[in-house]
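Shown next, in structure tokens, is the structure this report addresses.
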Amino acid sequence: AKGFAPWDRDDVRVPAGGDHELEPIELERSAIVTGRVVDPEGRGIAGAEILRLSTAGPLVIVGGLGMAGARLASSGPDGGFTLDELPTGSARLRVRHAEHPDRIASTPDAEAGQRIDGFEIAMQHGLLISGRVTGAPASLAGELVVRAVPERASLAGPLEAGELAPEVREAETAADGSFSVRGTREGLAYSLVARRRAQEGARGLPFLLGASLSPPVSALAGERGVELAYQPSGALVFQVVDATTRAPITEFEAGAGINFLMPLLDESGAQVSRHSEGRARFANLRPEADDLVQLKVSAVGYREEHLRYL
């Protein structure tokens, strides 16, 4: 709440089949911290998003999406900001901007209700990775994005100690397939893939809805002329039947993939569990030359089947 310190707990137990009423939640007054987000030359950065990272416990996000946090403020035209939802002591922040690599910072120690002015957060200049997606069908024009994730081998050096997760950069593609990924960090190598833009209102996690449409390509921050080759997809089609009667099983859940299993989702991102005549189709599988697909099927009353090396 505005003007109050956050209330973070990770030990609340809710009994199965019943309600659990908490004691009244008492909020302390927040410390007030004002300052500016600036570039290395001290110029204000407008539109930087400032988020507070939770201290209630670790948050794990698969897919290299990184950790976001609770949004506190955005910097104004001169880079100025006011933070008024801070805990007593020091708060850990993530600062994000399209043109600059993410910055992890900690506020000065402060007591409840104390005001601290002049807190400055300096962000590095970001570099551009540009190139083109080639070979994509015309039907995908305007629907592709390019995602850049720091490669694990290059993270040890330039990233600040204590950084929680590698930041992900994403760029729209133009009608001709060209793209420019902004805000990459000098000295880092990135893995780039083309993906379909996640649908608005989709209920699944975005990374489940945006399977790679190209083999990954490695590029250094600042590199130009990167080419991502669109890879046509294949599909895995199958029918699930009772082993004894051979009757179709129409209610089951399935997962398929190459390096890890992905659930079968509909266009809105919801998992599919009902299948006409027991038939299912996994589309958008893009195995490379030596890749093999795996499939797992589970249905109530039946032994789970996990088929590997298809």
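Numbers here are sequence positions counted from 1.
Closest heavy-atom contact between Ser191 and Pro216: OG-CB, 3.4 Å. Ala256 approaches Leu295 most closely through the heavy-atom pair CB-CD1, 4.0 Å. Pairing each heavy atom of Ala219 with each of Leu192, the nearest pair is CB-CD1, 4.3 Å. Here the closest non-hydrogen pair linking Ala148 and Val181 is CB-CG1, 4.0 Å. The two residues Ser180 and Ala171 have their closest heavy-atom pair at O-CB, 3.2 Å. Between Ala229 and Ser214 the shortest heavy-atom distance is O-CB, 3.2 Å.
Distance alone, capped at 3.5 Å, places no donor-acceptor pair between the Ser298 side chain and the Glu304 backbone.
Rounded to the nearest 0.5 Å, atoms NZ (Lys296) and CE (Met262) are 14.5 Å apart. Atom CZ in Arg195 sits 12.5 Å away from atom CG in Leu228 (nearest 0.5 Å). With values rounded to the nearest 0.5 angstrom, Arg115 atom CZ is found 6.5 Å from Thr82 atom OG1. Rounding to the nearest 0.5 Å gives a distance of 11.5 Å between CD of Glu120 and OG1 of Thr34. Expressed to the nearest 0.5 Å, how far CG of Leu127 lies from CZ of Arg182 amounts to 13.5 Å. Interatomic distance, CG of Leu53 versus CG of Leu93, reported as 7.0 Å (0.5 Å rounding).
With hydrophobic clusters built from ILVMFWY side chains whose heavy atoms lie under 4.5 angstrom apart, Ile249 shares a cluster with Val272. Cluster membership check: Phe4 shares its hydrophobic cluster with Ile25, using side-chain heavy-atom separations under 4.5 Å among Ile, Leu, Val, Met, Phe, Trp and Tyr. Note on Val240: it clusters hydrophobically with Leu236, by side-chain heavy-atom contacts below 4.5 Å among ILVMFWY residues. Hydrophobic clustering, with ILVMFWY side chains joined whenever heavy atoms are under 4.5 angstrom apart, groups Val297 together with Tyr302. Taking hydrophobic clusters as Ile, Leu, Val, Met, Phe, Trp and Tyr residues chained together by side-chain heavy-atom distances below 4.5 Å, Val37 shares a cluster with Phe119.
Contact check for Asp84 versus Lys2: side-chain heavy atoms found under the 4.5 Å cut-off. Counting heavy atoms from C-beta on, the side chains of Thr173 and Leu140 never come closer than 4.5 Å. Contact of the His97 side chain with the Val95 side chain is not registered, since no non-hydrogen atoms from C-beta on lie closer than 4.5 Å. Contact annotation: the side chain of Glu251 never approaches that of Val300 to less than 4.5 Å [non-hydrogen atoms, C-beta and beyond]. In this structure, the side chains of Glu85 and Arg52 stay at 4.5 Å or more apart for every pair of heavy atoms. Side-chain contact between Tyr190 and Val226 is absent, with no heavy-atom pair separated by less than 4.5 Å. Counting heavy atoms from C-beta outward, Leu128 and Arg224 have side chains that approach closer than 4.5 Å. Side chains of Val293 and Phe282 form no contact here, defined as non-hydrogen atoms less than 4.5 Å apart.
Surrounding CD of Glu111 are at most 12 heavy atoms belonging to other residues, nucleotides or ligands under 6.0 Å away. Within a 6.0 Å sphere centred on CD of Glu28, heavy atoms belonging to other residues, nucleotides or ligands number 12 at most.
Ring geometry, His275 versus Phe252: the interplanar angle falls under 30°, so the pair is classed parallel (tilted spans 30 to 60°).
When each of Arg103, Arg96, Arg185, Arg94 is tested with Glu167 by the rule side chain to side chain donor-acceptor pair (under 3.5 Å), just one qualifies, namely Arg185.
Under 4.0 Å is where a charged nitrogen must lie from a carboxylate oxygen, and between Glu227 and Arg132 no such pair does.
Judged as a side chain to side chain contact (heavy atoms under 4.5 Å, CB included), and not counting sequence neighbours, the contacts of Asp39 are Glu41, Arg43, Ile45, His100, His125.
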